[in-house]
Amino acid sequence: MDIANRIAIGILGPEALVNKVLHVITSSFPSFHPVARICSVEEAPAAAEELLTKVEVLLITGPTLYRRVKEQVVTPLPVHVIPLTDTGLFSALYRLKSGRWHDSKPAIYSIDSFTASAVGRIVAEIGEAPASFEVYDGQPYPQADELVAFHTAAYESGSTLAALTTESEVADALTKKGIPCEWIKPTDQNITVVLERALLSTETRRSKEAQILVGMLNVDDFGKRLQFKGSEHDIQRFKLDIHRMLIDYVESLDGYLTHLGADEYLFFTTRGIFERETVGYKTVPLAREIWKSLGLSLSMGIGFGRSANEAGTHARLALRRCKEAGGNTCFIVREDKTLIGPLEMADSLSRDLSVTDPELLKKAEDAGMTSAYLSRLLATVARTSKLDYEVHDLATILGITVRSTHRLLLQWMDHDLITIAGSVKVPKGRPKQLFRLSFLENM
């Protein structure tokens with residue numbers, strides 16, 4: 001998804017935490033376009049004011065920075081903070097106990113930013129005694145210097161063996177003094193939860209949640225299946241079974257289903273519901289259910305759009321792409337014509353229908369690779385994670401004869417689209433060659 005179609009989110013905090021948040025966004029939140037600012041507590045209000053002119057939502061990496069921003073900056077935009085959690089403390093405590101400096105003596109640790117009751121409740125879950133912690137009991141949201149002085153005094157007096165702090169500045173200062181310490185920082189899961197809340201709070205997201213989605217369903221090889229039915233009654237019961245399963249599925253989406261005739265159905269729901277049902281556009285549970293119950297495979301085209309007409313057009317385009325890929329899959333075409341798919345049992349794969357590496361497309365066309373062949377190869381590689389195939393496998397994927405496949409393979413090799421990856425020994429006859437789809441290696 002290009003930057004223009006993503007939601008701008010501001011990230012504010014120390015470098016290590018900002019980088020950690022950026023990593024989670026890159027791996028799990030393609031809808032976000034992050035705008036990061038690295039700052040100290042004193043710099044936070046000014047940095048926040050600058051960010052809020054460029055973003056839809058602001059994420060602050062810690063409670064101290066958050067309090068300073070809320071005190072000095074007024075904004076109607078949503079502002080979120082990564083909270084202090086027990087998982088962060090458990091992780092830091094584990095690292096501390098695994099350190100080489102630790103000996104067999106009962107350990108007492110100094111800790112800040114948590115109350116004594118909170119520490120007692122949290123550490124009781126892992127069998128630690130609350131008495132093992134000397135808790136900072138000064139002013140709420142203290143300056144870094146105060147926390148450094150607290151941990152230093154506790155360590156130099158001999159009452160504690162190490163420090164646990166939630167502030168990166170404090171951790172750096174203690175490390176320079178040679179005091180064993182661990183920085184209590186949020187885990188990736190903590191960050192993911194906050195990012196999900198931030199995403200749902202944005203105006204763009206709320207409008208997309210309610211956006212109408214058009215879906216088109218087609219039963220693969222429907223005509224062939226009917227030929228095996230013994231009577232008209234069997235055919236009607238078979239059709240009713242399909243219709244019943246589709247009604248149940250669309251009902252779970254809080255949607256509306258209509259039969260277009262023969263093997264095709266149309267349904268409407270909202271984008272937010274469909275995204276949750278497919279776990280972020282990764283899998284379609286209906287495909288597995290209808291296969292297990294009726295032995296059928298489906299092609300599903302999903303369309304998003306700025307109008308019902310545009311969404312319907314995109315749904316038809318997505319369904320066509322499903323058929324080109326050989327069926328038994330689902331594709332989504334978004335309002336900017338970006339293609340997501342296949343959504344079968346594989347991870348999602350993003351492509352752009354309007355611009356998909358023009359140089360590669362030109363090279364493929366010159367080699368006799370049609371868009372239908374390219375779609376089928378893309379879908380198969382996404383489903384299997386394989387790049388090496390025998391000629392018979394490729395013939396099945398492309399839906400053509402082995403002889404025609406051999407002819408195409410020679411053309412594709414001449415244009416450097418594929419290479420010979422090796423061979424497979426067979427009991428009798430010559431070894432079979434393995435062809436690698438090398439042009440898809442970087443995709």
Side-chain angles (χ1 to χ4, degrees), residues 1-85 87-89 91-92 95 112-113 141 143-144 147 165-173 175-176 182-208 280 336 338 348 350:
M1 193 189 304
D2 57 42
I3 292 177
N5 293 312
R6 288 189 283 169
I7 300 168
I9 179 172
I11 313 296
L12 195 67
E15 184 175 6
L17 272 184
V18 167
N19 288 337
K20 193 173 177 67
V21 174
L22 291 175
H23 172 73
V24 175
I25 289 176
T26 302
S27 61
S28 305
F29 290 86
S31 298
F32 273 140
H33 165 56
V35 183
R37 291 293 180 273
I38 295 168
C39 67
S40 63
V41 174
E42 290 72 24
E43 299 166 336
E49 285 185 338
E50 187 227 336
L51 276 180
L52 287 167
T53 63
K54 303 175 180 178
V55 301
E56 283 193 48
V57 59
L58 181 63
L59 177 63
I60 300 175
T61 58
T64 304
L65 268 74
Y66 177 76
R67 180 172 181 270
R68 185 64 62 88
V69 170
K70 293 298 284 184
E71 283 178 345
Q72 300 185 30
V73 179
V74 178
T75 175
L77 295 180
V79 179
H80 295 265
V81 61
I82 302 174
L84 301 175
T85 64
T87 52
L89 177 55
S91 178
R95 294 193 301 271
D112 60 55
S113 303
Y141 304 104
Q143 298 289 332
L147 295 180
T165 179
T166 61
E167 300 295 333
S168 61
E169 293 177 62
V170 176
D172 291 341
T175 300
K176 288 177 181 177
E182 276 296 337
W183 178 23
I184 303 173
K185 52 189 173 183
T187 62
D188 285 358
Q189 184 58 37
N190 297 148
I191 295 170
T192 298
V193 170
V194 178
L195 285 171
E196 287 172 347
R197 292 173 183 162
L199 182 60
L200 292 172
S201 70
T202 63
E203 188 64 35
T204 298
R205 181 62 184 189
R206 286 198 296 269
S207 64
K208 285 189 176 182
D336 58 355
T338 302
S348 60
S350 290

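FYI, the numbering just counts along the sequence from 1.
Annotation: side-chain contact (heavy atoms from CB on, under 4.5 Å) contacts of Pro45 (sequence neighbours excluded): Arg68, Gln72, Val73. Residues meeting the side-chain hydrogen bond (donor to acceptor under 3.5 Å, both in side chains) test with Glu43, sequence neighbours left out: Ser40. Taking the side-chain contact (heavy atoms from CB on, under 4.5 Å) definition, one finds that Thr165 meets it with Asp112, His151, Glu167, Val170, Ala171, sequence neighbours left out. Judged as a side-chain hydrogen bond (donor to acceptor under 3.5 Å, both in side chains), and not counting sequence neighbours, the contacts of Arg67 are Glu71. When the side-chain hydrogen bond (donor to acceptor under 3.5 Å, both in side chains) test is applied to Ser113, the partners found at least two apart in sequence or on another chain are Thr166. In terms of the side-chain contact (heavy atoms from CB on, under 4.5 Å) criterion, residue partners of Thr187 (sequence neighbours excluded) are, by chain and number, Thr87, Gln189, Asn190. With sequence neighbours left out, Val55 forms a side-chain contact (heavy atoms from CB on, under 4.5 Å) with Ala8, Val35.
Annotation: salt bridge (Lys or Arg N to Asp or Glu O under 4.0 Å) contacts involving residues 17-40, sequence neighbours excluded, comprise Lys20-Asp188, Arg37-Glu50.
Scanning both residues, Leu17 and Pro186, for their nearest heavy atoms gives CD2-CD, 3.4 Å.
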Run Leu195 and Thr192 through side-chain contact (heavy atoms from CB on, under 4.5 Å) and show every step you take. CA-CA 5 Å; Leu195 285 171; Thr192 298; 5.7 Å; no
Check the pair Val81, Val69 against side-chain contact (heavy atoms from CB on, under 4.5 Å), reporting the backbone distance first and the verdict last. CA-CA 11 Å; Val81 61; Val69 170; over 6 Å; no
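Checked by atom type and distance alone, the side chain of Ser28 never pairs as donor or acceptor with a backbone atom of Ile25 at under 3.5 Å.
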